[in-house]
Amino acid sequence: NCLSVSTTHGATAYGSNTCSANTTGENNNGFGYFTLNQVTTGSNNAGYGTVAGRYITTGVSNSCFGISSGGAITTGNYNTAIGMNAGFRNQTGDSNTFIGNTAGYECQSGHSNTAVGKSAFGFGSSTNTANGSKNVAIGMQSLFRITTGYDNSVLGYQAGINITSGHDNTLIGYGAGDGVTTSSNN
């Protein structure tokens, strides 16, 4: 079964095992192998790419574009993951935006984060969890090692790369704040 097409409760599914668990979820759209595979009651989710949004069950209004993007979201809501493995480990986090290959990869439960750039926000976390909230990371590997830090805004290649639990930092430029790990208000 290489291609299955179904429409249930306003849902559209193209691909083997796509949206196959849907019971009462509405307006879910999946395109690709095992995309939105576990959605049962979640609604208004979109998945495009192999296993994109695969484990969303009750999550609402998640948009996953790219292979394995949003791959672990279960109950998280209002997340956007664009790029291969973007937001891959996000399970319960809400209102996150991850754009770029592996952007937000380790974010499991953080909320209201924005990461733009390859491996931005938490991909290099030693604990394999990046659960900080209300962070903005723009640039390749920006906030790369973040774990629980919050309210940080960084812009630039590897800006804030070593911040783990620091908060309320604003760093701009190539490698800005590379010595900041746990301190705040920089």
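This one's a predicted model, so the numbers in the text were calculated from it and none came from an experiment.
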Would you name the heavy atoms of [X] and [Y] that are closest together and state the gap between them?
X	Y	answer
G132	F121	O-CZ, 3.9 Å
L143	A137	CD1-CB, 3.7 Å
Y48	T35	N-CG2, 4.1 Å
N101	M84	OD1-O, 2.9 Å
A52	G66	CB-O, 3.6 Å
S109	T92	CB-OG1, 3.3 Å

Set out, in order, the CA-CA distance, both residues' side-chain angles and the distance that settles side chain to side chain contact (heavy atoms under 4.5 Å, CB included) for Y150 and D168, then state yes or no.
CA-CA 7 Å; Y150 58 91; D168 296 294; 4.2 Å; yes
I want to check something: taking the side chain as every heavy atom from C-beta on, are I99 and T97 in contact at a cut-off of under 4.5 Å?
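Counting from C-beta outward, I99 and T97 do come under 4.5 Å.
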Would T102 and S119 satisfy side-chain hydrogen bond (donor to acceptor under 3.5 Å, both in side chains), going step by step from the backbone distance to the final call?
CA-CA 5 Å; T102 66; S119 303; 2.8 Å; yes
Under a 3.5 Å distance rule, please check whether [X] uses its side chain to pair with a backbone N or O of [Y] as donor and acceptor.
X	Y	answer
D178	G160	no
S43	E26	yes
N28	G42	yes
S68	N85	no
T57	T74	yes
T58	T75	no

With rounding to the nearest 0.5 Å, note down the distance linking [atom1] in [X] to [atom2] in [Y].
X	Y	atom1	atom2	answer
N96	Y78	CG	OH	13.5 Å
I56	C64	CD1	SG	4.5 Å
N77	N45	CG	CG	8.5 Å
N169	S183	CG	OG	5.5 Å
N135	N152	CG	CG	5.0 Å
N131	C107	CG	SG	6.0 Å

Looking only at the side chains, is there a donor atom on one of H167 and S184 sitting less than 3.5 Å from an acceptor on the other?
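Judged by distance alone, the side chains do pair up.
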Determine the interplanar angle of the F123 and Y105 rings, folded into 0 to 90°, and report it as parallel if under 30°, tilted if 30 to 60°, perpendicular if over 60°.
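Ring orientation, 0 to 90° scale: perpendicular.
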